[in-house]
Amino acid sequence: MAEPSRTEFALGTVCTVTLFDKGKDQIYNDIFNRLREIENLMSVNIPSSDISRINAAAGIEPVQAHEETIKVIKRSVFYAEVSDGAFDPTVGPVVSLWGIVNENQRIPDQTEIDEILPLVNWRNIDINLEANTVFLKYQGMALDLGAIAKGYAADEAVAIIRNTKVKQAIIDLGGNVILYGEKKDKSLWRVGIQNPLETRGIITGVVQVKEKTVVTSGVYERFFEQDGKRYHHIFSPWKGYPSDSGLLSVTIIADNSMEADALSTAVFVLGYERSKTLLDLFPDTEAIFIFEDMSIQTTSALNLTITDKAYFLK
Ligand code: AMP
Ligand code: MG
């Protein structure tokens with residue numbers, strides 16, 4: 001008998017896929033193989049990945065990459081452009097400096113930050129679509145697709161499911177969630193919204209949605225604390241510091257998970273006020289903002305129930 005769901009570590013996070021009814025072991029295998037395929041192309045932690053090879057050749061030469069990698073880099077540049085650089089796939093040097101990924105977490109000196117900040121600029125990515133190459137113009141530049149790759153991977157998992165008899169599924173790639181299909185009783189999907197001050201899995205509310213993707217960026221995902229202050233993994237590309245726009249988390253509810261992933265990061269960096277013009281460009285997108293004072297604000301059409309009394313709707 002097929003499993004009711006499968007959980008594995010992939011893309012640097014815990015991934016759970018739940019296939020209802022016609023789920024078969026083979027479909028689970030296909031999905032997780034696909035997630036690994038994407039990870040092998042796009043992870044900064046795998047030396048042979050396209051992204052690692054592009055980074056190693058920064059300032060030296062263009063690197064040939066898989067069409068798929070180029071597609072995601074191209075979309076990243078688009079989201080960088082529309083978010084005025086709040087989302088910036090060249091944030092790699094900042095991520096490394098703070099040691100958020102390689103576990104050497106520390107607060108860098110301002111001089112170190114000043115040194116690398118000029119390297120963070122999505123305009124210095126050269127994509128050659130004819131040759132299928134990517135060139136980072138300056139030595140020391142580094143791509144990091146951590147804010148978009150999980151969304152892309154979730155969309156690709158759904159692409160596999162569409163070719164099967166499975167009519168309902170939940171894809172959860174470390175909180176990057178897709179609700180696939182319509183529930184049998186036609187009721188809405190209920191999705192927990194992470195409590196941004198608690199460890200993963202503890203929720204502050206429940207949102208009810210149709211077939212949608214629900215993606216959250218927040219201060220809880222990766223962080224360290226020093227002298228009572230929290231330093232998290234979403235950086236201001238302008239300051240080289242963890243973004244402090246007054247938000248604890250942003251949840252984006254949309255149709256495309258790659259888009260929701262990029263937007264959740266961009267909106268988190270921009271903050272509530274400055275994200276309005278960006279969100280206006282994506283009319284079918286809803287958002288939940290959780291602020292540092294524990295207040296919550298949502299865009300108009302959302303059905304959110306707060307379950308943790310410490311939080312309140314504005
Ligand atoms: P997410 O959880 O989707 O918001 O993505 C956060 C991850 O994206 C971090 O772990 C970094 O690898 C990377 N990242 C951090 N800050 C930014 C930024 N401003 N723009 C793009 N990627 C970022
Ligand atoms: Mg993101």
Side-chain angles (χ1 to χ4, degrees), residues 1-8 10-11 13-35 150-196 198 200-218 249-264 279 282-290 296 298-308 311 313:
M1 215 184 88
E3 313 135 84
S5 79
R6 188 187 289 187
T7 298
E8 284 181 24
L11 296 156
T13 191
V14 179
C15 300
T16 300
V17 173
T18 309
L19 306 173
F20 296 96
D21 292 337
K22 303 269 197 263
K24 290 200 186 96
D25 291 342
Q26 187 57 48
I27 308 174
Y28 285 106
N29 292 343
D30 290 349
I31 291 173
F32 279 94
N33 286 340
R34 184 78 181 100
L35 298 184
K150 275 186 284 172
Y152 174 71
D155 288 330
E156 289 302 299
V158 163
I160 290 175
I161 297 171
R162 271 191 219 292
N163 285 323
T164 70
K165 295 206 168 74
V166 174
K167 291 280 179 281
Q168 293 95 15
I170 303 173
I171 319 284
D172 181 348
L173 311 186
N176 205 302
V177 179
I178 298 184
L179 297 316
Y180 173 75
E182 194 176 55
K183 280 168 76 180
K184 270 200 180 140
D185 61 3
K186 308 279 187 232
S187 66
L188 297 172
W189 294 101
R190 295 166 56 83
V191 188
I193 302 301
Q194 167 74 31
N195 180 332
E198 295 286 351
R200 171 97 56 78
I202 299 179
I203 63 166
T204 131
V206 174
V207 69
Q208 297 195 52
V209 295
K210 281 200 189 142
E211 182 167 14
K212 289 279 172 190
T213 183
V214 180
V215 180
T216 302
S217 284
S249 74
V250 173
T251 300
I252 298 287
I253 296 157
D255 292 320
N256 179 282
S257 203
M258 171 163 66
E259 181 153 292
D261 197 0
L263 288 179
S264 71
L279 289 174
F282 303 91
D284 294 331
T285 299
E286 304 291 342
I288 301 169
F289 303 86
I290 305 186
I296 301 183
T298 66
T299 47
S300 55
L302 268 184
N303 184 346
L304 173 75
T305 311
I306 295 174
T307 51
D308 182 333
Y311 292 84
L313 263 183

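Residues I288 and I253 form a side-chain contact, since some pair of their non-hydrogen atoms from C-beta on lies under 4.5 Å apart. Side chains of L35 and E8 form no contact here, defined as non-hydrogen atoms less than 4.5 Å apart. Between I31 and R34 there is no side-chain heavy-atom pair separated by less than 4.5 Å.
The two atoms that bring D21 and K184 nearest to each other are OD2-NZ, 2.7 Å, heavy atoms only. The nearest pair of heavy atoms linking A287 to L279 is CB-CD1, 4.2 Å. Between D255 and E211, the closest heavy-atom pair is OD1-O, 4.1 Å. For the pair M258 and D155, the tightest heavy-atom approach, listed with the atom from each and the gap, is N-OD2, 2.9 Å. Here the closest heavy-atom approach between residue P196 and residue Y311 is recorded as CD-OH, 3.6 Å. When every heavy atom of D261 is checked against every heavy atom of G151, the shortest pair comes out as OD2-N, 3.0 Å.
Annotation: the span from Q194 atom CD to T251 atom OG1 amounts to 9.0 Å, rounded to 0.5 Å. Atom CG of L313 and atom CD1 of I296 lie 6.0 Å apart (nearest 0.5 Å). Atoms CD and CZ, on E259 and F282 in that order, are 4.5 Å from each other to the nearest 0.5 Å. In this structure, CZ in R190 is found 6.5 Å from OG1 in T305, a value given to the nearest 0.5 Å. Between the CG atom in L173 and the CD atom in E156 there is a gap of 11.5 Å [rounded to 0.5 Å]. With rounding to the nearest 0.5 Å, the separation of CG in L11 from OH in Y152 is 11.5 Å.
Judged by distance alone, with hydrogens and angles left aside, the side-chain atoms of D172 form no donor-acceptor pair with the main-chain N or O of T16 at under 3.5 Å. A donor-acceptor pair under 3.5 Å is absent between the side-chain atoms of Y180 and the main chain of A157, judged by distance alone. In this structure, the side chain of T213 engages the main chain of V177 through a donor-acceptor pair within 3.5 Å.
Considering I178, I252, I193 as possible partners of V214, the one that fulfils the side chain to side chain contact (heavy atoms under 4.5 Å, CB included) test is I193.
The side-chain hydrogen bond (donor to acceptor under 3.5 Å, both in side chains) search around S249 returns none, not counting sequence neighbours. Partners of S264 by side-chain hydrogen bond (donor to acceptor under 3.5 Å, both in side chains), not counting sequence neighbours, listed by chain and number: S217. For the side chain to side chain contact (heavy atoms under 4.5 Å, CB included) test, residues two or more places apart in sequence or in another chain that qualify with K183 are D185, S187, W189. Partners of F289 by ring pair (Phe, Tyr, Trp, His ring centres under 6.0 Å), not counting sequence neighbours, listed by chain and number: Y272.
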Listing, residues 160-171 side-chain donor-acceptor contacts under 3.5 Å, not counting sequence neighbours, or none:
{"unit_1": "T164", "atom_1": "OG1", "unit_2": "I161", "atom_2": "O", "d": "2.7"}
{"unit_1": "T164", "atom_1": "OG1", "unit_2": "V166", "atom_2": "N", "d": "3.1"}
{"unit_1": "Q168", "atom_1": "NE2", "unit_2": "E182", "atom_2": "O", "d": "2.9"}

Residues 201-210 side chain polar contacts: donor-acceptor under 3.5 Å, at least two apart:
none

